[in-house]
Protein chains: 2
Amino acid sequence: MALRYALLAALHEAPATGYELTQRFRSRLANVWNASHQQVYRELARLLQDNKLLVETVEQSDKPDKKRYHLTLSGKKDLQDWLNQPQSRPPVRDPLLVKLFAGDLLESEVLREDLEQLKQDWLAQLGYFRSIEHTYFRQPDALSRQYRLQYMALRRGVTQITAGLEWIEEVEATLEDLDNAP
Amino acid sequence: MALRYALLAALHEAPATGYELTQRFRSRLANVWNASHQQVYRELARLLQDNKLLVETVEQSDKPDKKRYHLTLSGKKDLQDWLNQPQSRPPVRDPLLVKLFAGDLLESEVLREDLEQLKQDWLAQLGYFRSIEHTYFRQPDALSRQYRLQYMALRRGVTQITAGLEWIEEVEATLEDLDNAP
DNA sequence: CCTTACATGTAACAAGTTACATGATTAG
DNA sequence: CTAATCATGTAACTTGTTACATGTAAGG
């Protein structure tokens, strides 16, 4: 059910097309919610059918037409109701940690590559988040309540990745220790 | 597919029943992998059919009988193959951050309660992880490679929660600031 | 008495993934 | 000529969730 409300929340921020929503999920909302374009289009169709959204067709001369979705009052109300109910926290499912748990069957070299890849991914994402921070949230105290709360969502991403990177250092140090002095 | 390998990894650590595996996922593996008992039983049945596991029926006089599952050679090989392939990292889907993103529709009081609940959950989990740390991982350097890698999985949980708790402080401070001096 | 722990499942449904499909434009 | 970006979808399949189902034993 939560994808529904992630979409409503994103559309409440600003009306958008399915394509744009998919992009938001991949970029600015990367630490908040994830959804593929297939999921987005399917759920938008349902929301539309339930009268939670309105469509505005935007004609473009050079590119294919696009459908911009807007929240209806009913959609906004649904979102509000959902927001004011407690939501369960996300379940944890991390393949990399499963690997660590099966430790003795895992080759150090493979683990090192996994860690390196993860580090690169995280560094890229951190760089992106920091650029947003720099552009939009320079003096957070001066911002509206809405933006300060959005900033807190971004901060979550930054602190999570920072802690993750430190953890990688720890694992790498352990690995070196293990392989050098057995 | 990854549930399959989470089960194989857990059974590689030690043979167990469906019930015990479900418990492990809820306790020691809470920061690694999550699965309900329904999922566990279903996947165990599939693994058994594919000859990745063997069952041993353990008769009990006082409680119902139980089925203890063991890895077969084929199961172990599957696990090994999986371990040595790169795995994608888990998608992010956090309802609380969705709430923050819809900031202006969210009442401070509701958010405060959410944060308080999350803090309590995390503190309990952190306490549990620390007790494991204290019991099994006092001098990590002295342990086998296997246990040191398992310790790194546990450390991931500890560092993640620690960072999360700090983030909560940050959000609470922001909230107070917002509500006191608008 | 009532809840929790132990122990194992089935069935229906919702959510998420992977594969397939189409077509224009722009940048290298 | 090839890949990437824009733009929207369908279909099939796999995972994950929720609800239902059953039965014993121990502890408060």
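In this text, all values refer to a predicted model and were calculated from it rather than measured experimentally. Letters A, B, ... are given to chains in the order of the sequence lines, protein chains preceding strands, and every chain is numbered from 1.
- To the nearest angstrom, P of D:dC6 lies 15 Å from CZ of A:Arg68.
- Taking 4.0 angstrom as the limit, B:Arg93 places a side-chain polar atom (N or O) nearer than this to OP1 or OP2 of C:dG16.
- Look at B:Arg4 and B:Glu43 and you find a salt bridge, because one of the NZ, NE, NH1 or NH2 atoms lies within 4.0 Å of a carboxylate O, short of that distance.
- Rounded to a whole Å, the CD atom of A:Gln49 is 13 Å from the P atom of D:dG9.
- Using a cut-off of 4.0 Å between Lys/Arg side-chain N and Asp/Glu carboxylate O, B:Lys77 and B:Asp81 are scored as salt-bridged.
- In the set C:dG16, C:dT17, D:dT8, C:dG16 carries the atom at the smallest distance from any side-chain atom of A:Trp33.
- Side-chain N/O atoms of A:Tyr41 include none lying less than 4.0 angstrom from OP1 or OP2 on D:dG9.
- Judged purely by atom type and a 3.5 angstrom limit, B:Arg145 uses its side chain to pair as donor or acceptor with the backbone of A:Gly103.
- Salt-bridge formation is not detected for the pair A:Arg156/B:Glu170: no Lys NZ or Arg NE/NH1/NH2 atom is positioned less than 4.0 Å from an Asp or Glu carboxylate oxygen.
- Distance CG (B:Leu44) to P (D:dG16): 14 Å, rounded to an integer number of Å.
- A sub-4.0 Å separation between OP1 or OP2 of C:dA5 and a side-chain N or O of B:Gln23 is absent.
- Computed from coordinates, the A:Arg26 CZ to D:dA4 P distance equals 13 Å when rounded to whole Å.
- At whole-Å resolution of the value, CZ in A:Arg4 and C1' in C:dA15 are 13 Å apart.
- To the nearest angstrom, P of C:dA7 lies 4 Å from NZ of B:Lys66.
- With the nearest nucleotide of DNA chain D identified for both A:Tyr69 and A:Arg42, A:Tyr69 has the one nearer the 5' end.
- Nearest nucleotide to the side chain of A:His37, out of D:dT8, C:dT8, C:dT17: D:dT8.
- A salt bridge between B:Asp94 and A:Arg89 is absent, with no side-chain N of the basic residue lying under 4.0 Å from a carboxylate O of the acidic one.
- Proximity of A:Gln39 to the phosphate of C:dA15: no side-chain N or O atom is located under 4.0 Å from OP1 or OP2.
- Residue A:Gln38 is classed as a base contact, given a heavy-atom separation below 4.0 Å to a base.
- Each of B:Pro91 and B:Glu20 has a nearest nucleotide on DNA chain C; the 5'-most of these lies closest to B:Glu20.
- The distance from atom CD of B:Glu56 to atom P of C:dA7 is 13 Å, rounded to the nearest whole Å.
- Spacing between atom CD of A:Glu43 and atom C1' of D:dG9 amounts to 15 Å, rounded to whole angstrom units.
- Each of C:dT17, D:dG9, C:dT8 was ranked by its minimum atom distance to the side chain of B:Thr17; first place goes to C:dT8.
- In terms of phosphate contacts, A:Tyr19 brings no side-chain nitrogen or oxygen within less than 4.0 Å of OP1 or OP2 of D:dT8.
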